[in-house]
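We count ligands from 1, going down the list as the structure has it; atoms in each ligand are counted the same way. For clarity, every value in this text was computed on a predicted model and none was experimentally measured.
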Amino acid sequence: MTEPATPPVIRLGGVRKEFSNGVVALDGLDLEVREGEFLSLLGPSGCGKSTALRIVAGLMSADAGAVQVAASVAAGDASQHDIAYVFQEPTLMPWASAFDNVWLPLRLAGIPRRDAGDRVRAALAGVGLDGFEAAYPRELSGGMRMRVSIARALVTRPRLLLMDEPFAALDEITRFKLNDDLLRLTEAQGWTVVFVTHSVFESAFLASRIAVMSARPGRIAGEIAVDVPYPRSAAFRTDPRFAEICRATSTVLQRAMGEAA
Ligand code: ADP
């Protein structure tokens with residue numbers, strides 16, 4: 001018997017979610033994510049990707065099934081979170097500077113502004129925003145606002161990063177740049193990542209494994225292992241292996257959507 005080396009960080013078994021209006025968003029969702037994986041959760045709009053991610057984050061409960069998310073950060077350190085969540089919208093406080101937006105989770109953990117300075121500045125530098133500490137969200141481009149949002153996740157030193165279509169609203173050039181930077185950060189931080197997207201290309205570029213969801217009610221329709229080592233540079237986008245992964249993923253996605261039609 002071959003036993004996988006690392007235990008799962010996330011284990012969902014037979015998860016069902018029905019909203020009060022009768023919409024069954026998920027039914028029979030099984031998913032495991034292991035330490036250090038970059039899992040892309042790919043599917044058409046409305047198939048339940050965000051619902052699945054919110055259940056993993058504990059922002060919403062499942063109606064049936066098993067939900068296990070490993071928590072390993074020592075209790076008592078409120079400034080360090082196991083899980084960070086990055087939304088599609090940067091969700092920044094418009095009246096607060098980039099520094100104060102990134103400080104927020106530390107502030108909520110009781111860390112005064114002056115003591116948080118090094119960590120906040122390091123998080124902003126980590127996303128390429130050194131020198132922008134005093135800037136307000138309205139003074140920043142969409143890509144920079146998303147960088148602030150990622151820095152706010154980074155500052156809590158999470159183990160598990162949950163991202164819900166974080167770059168969907170950005171132009172393609174900015175998205176490519178943020179994809180490159182996300183991979184660099186993931187390698188440096190040792191994150192386990194679950195990344196929700198409806199983009200086959202984004203999945204193929206970022207992920208170590210792609211889980212394709214069926215149309216609603218969502219469940220996993222198929223998986224594609226992306227056996228291309230990191231670091232992956234921009235050149236990977238024109239690599240024949242990239243094209244092959246996109247082709248294989250599109251085939252699974254089309255089948256998943258066809259089954260539901
Ligand atoms: P995705 O992220 O794949 O676009 P969602 O998880 O956001 O899909 O939504 C799945 C389905 O559940 C959609 O049909 C959506 O309209 C519905 N839905 C999501 N949230 C709610 C809610 N709070 N109440 C009722 N229906 C919801």
Side-chain angles (χ1 to χ4, degrees), residues 9-33 37-69 83-91 142 145-146 149-150 153 158 160-172 175 178-179 182 191-207 209-224 226 246 248-261:
V9 176
I10 299 169
R11 183 180 273 163
L12 305 180
V15 166
R16 178 183 166 88
K17 179 69 188 181
E18 179 173 350
F19 288 108
S20 53
N21 60 359
V23 169
V24 181
L26 304 171
D27 199 15
L29 177 69
D30 298 319
L31 183 67
E32 280 193 4
V33 183
E37 273 196 300
F38 194 124
L39 181 95
S40 171
L41 199 54
L42 171 73
S45 247
C47 75
K49 303 181 297 294
S50 300
T51 303
L53 205 64
R54 288 196 191 112
I55 288 173
V56 168
L59 298 172
M60 194 183 269
S61 59
D63 296 322
V67 178
Q68 289 175 306
V69 180
I83 301 177
Y85 200 105
V86 176
F87 296 91
Q88 180 170 347
E89 295 299 325
T91 62
R145 284 199 289 269
M146 185 46 77
S149 175
I150 294 171
L160 175 61
L161 185 63
L162 305 177
M163 306 186 91
D164 191 358
E165 303 204 40
F167 309 140
L170 303 176
D171 65 81
E172 193 163 79
R175 177 145 39 120
L178 279 158
N179 281 173
L182 176 60
W191 288 327
T192 303
V193 183
V194 181
F195 188 99
V196 162
T197 180
H198 54 245
S199 166
V200 168
F201 304 111
E202 198 168 42
S203 295
F205 183 72
L206 292 174
R209 183 161 59 98
I210 303 170
V212 179
M213 281 179 75
S214 66
R216 188 159 57 81
R219 54 181 175 74
I220 303 302
E223 291 194 354
I224 298 98
V226 185
C246 290
T249 306
S250 296
T251 304
V252 176
L253 186 60
Q254 270 166 17
R255 205 176 58 220
M257 291 169 71
E259 276 170 8

For ligand 1, which is the ligand I care about here, please tell me if Ala25 has any N or O atom under 3.5 Å from one of the ligand's N or O atoms.
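By distance alone, the answer is no.
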Is there at least one pair of N or O atoms, one from Arg54 and one from ligand 1, spaced under 3.5 Å apart?
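By distance alone, the answer is no.
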Heavy-atom contact check, 4.0 Å cutoff: does Gly218 meet ligand 1?
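The answer is no: ligand 1 sits nowhere under 4.0 Å from a heavy atom of Gly218.
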Taking only non-hydrogen atoms of Gly46, do any sit less than 4.0 angstrom from ligand 1?
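In this structure, Gly46 qualifies as a contact of ligand 1 - some heavy atom is under 4.0 Å.
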Can you tell which of Thr51, Val196, Leu41, Leu26 gets a heavy atom nearest to atom 9 (O) of ligand 1?
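It is Thr51 that holds the nearest heavy atom.
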Select the closest option to atom 8 (O) of ligand 1 among Ala52, Ser20, Gly48, judged by heavy-atom distance.
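Closest candidate by heavy-atom distance is Gly48.
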Could you report the tightest heavy-atom contact between [X] and [Y], atom names first, then the distance?
X      : Y      : value
Ala211 : Leu39  : CB-CD1, 4.1 Å
Val200 : Ser250 : CG1-OG, 3.8 Å
Val33  : Glu37  : CA-OE1, 3.4 Å
Ala57  : Leu162 : CB-CD1, 3.6 Å
Thr197 : Ser40  : CG2-OG, 3.5 Å
Ala66  : Val15  : O-CG2, 3.6 Å

Partner residues of Glu165 under the side chain to side chain donor-acceptor pair (under 3.5 Å) criterion, sequence neighbours left out:
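In terms of side chain to side chain donor-acceptor pair (under 3.5 Å), with neighbours along the sequence ignored, Glu165 is linked to His198.
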I need the nearest protein heavy-atom contact for atom 18 (N) of ligand 1: residue, atom name and distance, please.
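Going by distance alone, atom 18 (N) of ligand 1 is nearest to Phe19 CE1, 3.3 Å.
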For atom 7 (O) of ligand 1, what's the nearest protein heavy-atom neighbour? Residue, atom name and distance, please.
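Closest protein heavy atom to atom 7 (O) of ligand 1: Ser50 CB, 3.6 Å.
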Show which atoms of ligand 1 fall inside a sub-4.0 Å distance from at least one heavy-atom site of [X].
X     : answer
Asn21 : 25 (C), 26 (N)
Pro44 : 3 (O)
Lys49 : 1 (P), 2 (O), 3 (O), 4 (O), 6 (O), 8 (O)
Ser45 : 4 (O)
Cys47 : 1 (P), 3 (O), 8 (O)

Hey, is the main chain of Ser61 close enough, under 3.5 Å, to the side chain of Lys17 for a donor-acceptor pair?
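Yes, because the side chain of Lys17 sits within donor-acceptor range (under 3.5 Å) of the backbone of Ser61.
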Can you check whether Val69 reaches Leu160 side chain to side chain, under 4.5 Å on heavy atoms?
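Heavy-atom side-chain distance check passes, below 4.5 Å.
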Please classify the Arg216 to ligand 1 contact at 4.0 Å (heavy-atom distances, strictly less than): side chain, backbone, both or neither.
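Arg216 to ligand 1: side-chain contact only, backbone stays beyond 4.0 Å.
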Show which side-chain atoms of residues 18-26 pair as donor or acceptor with protein atoms under 3.5 Å away, not counting sequence neighbours.
residue: Glu18; atom: OE1; partner: Arg16; partner atom: NH2; Å: 2.8
residue: Asn21; atom: OD1; partner: Val23; partner atom: N; Å: 3.1

Heavy atoms of the protein only: does one fall short of 4.0 Å from atom 15 (C) of ligand 1?
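Given the 4.0 Å limit, the answer for atom 15 (C) of ligand 1 is no, no protein heavy atom qualifies.
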